[in-house]
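Each remark here refers to the structure printed beneath this line.
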Amino acid sequence: YQRRVHGDILIMEKGKAIKLVDLTPEGEFKIPDEAMNALQEIGDKKIAPIVIGGPWRSGKSFLANRLLGRMKGFDIGSTVKACTKGIWMWNQPVKLQND
């Protein structure tokens, strides 16, 4: 899947939303194994994280999906129950290439 963005080509790869930071029942922060593995696969490659923050139910997951060129990826709910509570990440880098 390819999508043109301001003269660059955004090459979409398969991937999924995963939790980057979890909160243990004891109130401690933990990086889940799946996130640690995804980060280790990046290795020493240069990356530019995109961070989206805001109040609950304000469209953060919708915006993240749109930036990925997808309609689904980060869970979006139609109720007041949070779907992506905490800190989440896409499990694969999104590569940008110039024309």
Side-chain angles (χ1 to χ4, degrees):
Y1 177 86
Q2 292 187 0
R3 178 175 160 226
R4 226 169 243 291
V5 180
H6 302 293
D8 290 339
I9 296 197
L10 176 62
I11 299 176
M12 299 308 303
E13 297 181 9
K14 291 183 179 180
K16 64 179 184 174
I18 60 173
K19 189 170 269 196
L20 173 61
V21 178
D22 206 358
L23 186 63
T24 68
E26 296 79 27
E28 297 177 354
F29 294 110
K30 180 184 178 208
I31 299 176
D33 290 339
E34 186 176 19
M36 187 60 77
N37 292 336
L39 293 170
Q40 288 173 339
E41 284 183 26
I42 295 170
D44 62 353
K45 297 174 189 160
K46 293 180 181 180
I47 62 169
I50 297 173
V51 179
I52 303 169
W56 65 287
R57 303 288 307 147
S58 60
K60 297 176 298 293
S61 293
F62 175 79
L63 178 59
N65 289 337
R66 299 308 299 154
L67 289 171
L68 288 166
R70 298 170 175 265
M71 291 303 292
K72 295 183 179 181
F74 289 89
D75 287 341
I76 298 173
S78 58
T79 68
V80 295
K81 183 181 175 192
C83 297
T84 51
K85 186 176 181 181
I87 301 174
W88 289 69
M89 65 180 266
W90 197 248
N91 72 334
Q92 295 181 5
V94 176
K95 298 176 185 174
L96 289 176
Q97 292 182 345
N98 292 328
D99 286 338

Problem - Least distance between heavy atoms, K30 atom then T24 atom - result: CB-CG2, 4.1 Å
Exercise for the section: Provide the full list of side chain to side chain donor-acceptor pair (under 3.5 Å) pairs with a residue in residues 37-51, sequence neighbours left out, each pair given once. Expected result: none
Practice task
Sequence neighbours left out, what passes side-chain contact (heavy atoms from CB on, under 4.5 Å) with D22? Give chain and number order.
Solution key: K19, P32
Problem - I50 atom CD1, over 12 foreign heavy atoms within 6.0 Å - result: no
Completion exercise
Residues A17 and G73: closest non-hydrogen pair is CB-O, 3.6 Å
Handout entry: same_hphob_cluster(L23, M89) at 4.5 Å side-chain heavy-atom cutoff
Key = yes
Handout entry: Sub-4.5 Å side-chain heavy-atom contact between F74 and N65
Key = yes
Exercise for the section: Establish whether V51 and V21 are linked, either directly or via other cluster members, by ILVMFWY side-chain heavy-atom contacts under 4.5 Å. Expected result: no
Problem - Contacts of E34 that satisfy side-chain contact (heavy atoms from CB on, under 4.5 Å) - sequence neighbours left out - result: K16, I18
Exercise for the section: Quick one: closest heavy-atom pair of N91 and A38, and the distance? Expected result: O-CB, 3.6 Å
Handout entry: Contact summary for A35 and I31, nearest pair of heavy atoms
Key = CB-CG2, 3.9 Å
